[in-house]
Visitor: 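Take this structure, written in C-alpha cells, and hold onto it; I'll ask about it next.
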Amino acid sequence: MIWETLGSVLLGLALAWAADHRLAHRLPARNLVFATGVASALLGAFITHSALGAGHVLATLFGATVLSAALLSLLLRPHAGRRSTTSAA
C-alpha cells in the first residue's frame, strides 16, 4: 500500500510538472497545478485500490495516472488569441 501511495504521488508530480512545463501559459498558478496533480493521483489510486483490492499495483498506478491527467486537463484555459465560435442564440 505504501508503494502505491508513493508511486501515485510521484506520478502526480511528474504529470503536473510536464503540464506546467509545456502548457504554463494556459494553466493557473503553479502551486495549484502541482496540488491538483498530487491530490487527483492519490484520489485515483484510492478509488482504483478500493475497486480492485490489494495486489493490483500496476492497475492502481494506472488509475492514479488517468484521474490525475483528467483533472489536470480541466485546469486548462483556452488560447488568449482565439475567440469562441459558439453563440448564445
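All residue numbers in this chain count up from 1 along the given sequence.
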Visitor: When hydrophobic residues are tied together by side-chain contacts of less than 4.5 Å, even through go-betweens, does Leu72 share a cluster with Leu27?
Guide: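 Yes, one cluster joins them.
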
Visitor: Mind listing the closest non-hydrogen atom pair of Leu67 and Ser40 along with its distance?
Guide: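 The pair with the smallest heavy-atom distance is CD2-O, 3.5 Å.
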
Visitor: Given side chain to side chain contact (heavy atoms under 4.5 Å, CB included), test Leu11 with Ser68 step by step and report yes or no.
Guide: CA-CA 8 Å; Leu11 282 171; Ser68 183; over 6 Å; no

Visitor: Quick one: which of Thr36, Thr65, Val38 gives a side chain to side chain contact (heavy atoms under 4.5 Å, CB included) with Leu15?
Guide: Thr65

Visitor: State, yes or no, whether a side-chain contact exists between Trp3 and Val57 at a heavy-atom distance under 4.5 Å.
Guide: no

Visitor: Testing the basics here: between Ser8 and Ala64, what is the closest heavy-atom pair and its distance to 0.1 Å?
Guide: OG-CB, 3.7 Å

Visitor: Taking side chain to side chain contact (heavy atoms under 4.5 Å, CB included) as the criterion, tell me which of Thr48, Ile47, Thr5 meets it with Thr60.
Guide: Thr48

Visitor: Nearest 0.5 Å, please: how far is CD in Glu4 from CG in Leu58?
Guide: 9.5 Å

Visitor: Do Leu42 and Leu13 sit in the same hydrophobic cluster, where Ile, Leu, Val, Met, Phe, Trp and Tyr count as joined when their side-chain heavy atoms come under 4.5 Å apart?
Guide: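 Yes: a chain of side-chain contacts under 4.5 Å links Leu42 to Leu13.
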
Visitor: Which atom names give the shortest non-hydrogen contact between Gly37 and Ala16, and what distance separates them?
Guide: CA-CB, 4.3 Å

Visitor: Could you go step by step and tell me if Asp20 and Phe34 meet the side chain to side chain contact (heavy atoms under 4.5 Å, CB included) rule?
Guide: CA-CA 8 Å; Asp20 188 58; Phe34 280 96; 4.3 Å; yes

Visitor: Around atom CZ of Arg26, are there more than 12 heavy atoms from other residues, nucleotides or ligands closer than 6.0 Å?
Guide: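 Yes - once you tally the heavy atoms of other residues, nucleotides and ligands closer than 6.0 Å, there are more than 12.
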
Visitor: Show the nearest heavy-atom pair for residues His56 and Gly53, with the distance to one decimal.
Guide: ND1-O, 3.7 Å

Visitor: Please find the pair of heavy atoms, one from Leu75 and one from Pro28, that lie closest to each other, and give the distance.
Guide: O-CD, 3.5 Å

Visitor: Are more than 12 heavy atoms, taken from residues, nucleotides or ligands other than Arg22, located less than 6.0 Å from that residue's CZ atom?
Guide: no

Visitor: In terms of hydrophobic clustering (I, L, V, M, F, W, Y; side-chain heavy atoms under 4.5 Å; direct or indirect links), are Leu76 and Leu32 co-clustered?
Guide: yes

Visitor: Please name all residues satisfying ring-ring contact (aromatic ring centres under 6.0 Å, His included) with His25, sequence neighbours left out, ordered by chain then number.
Guide: none

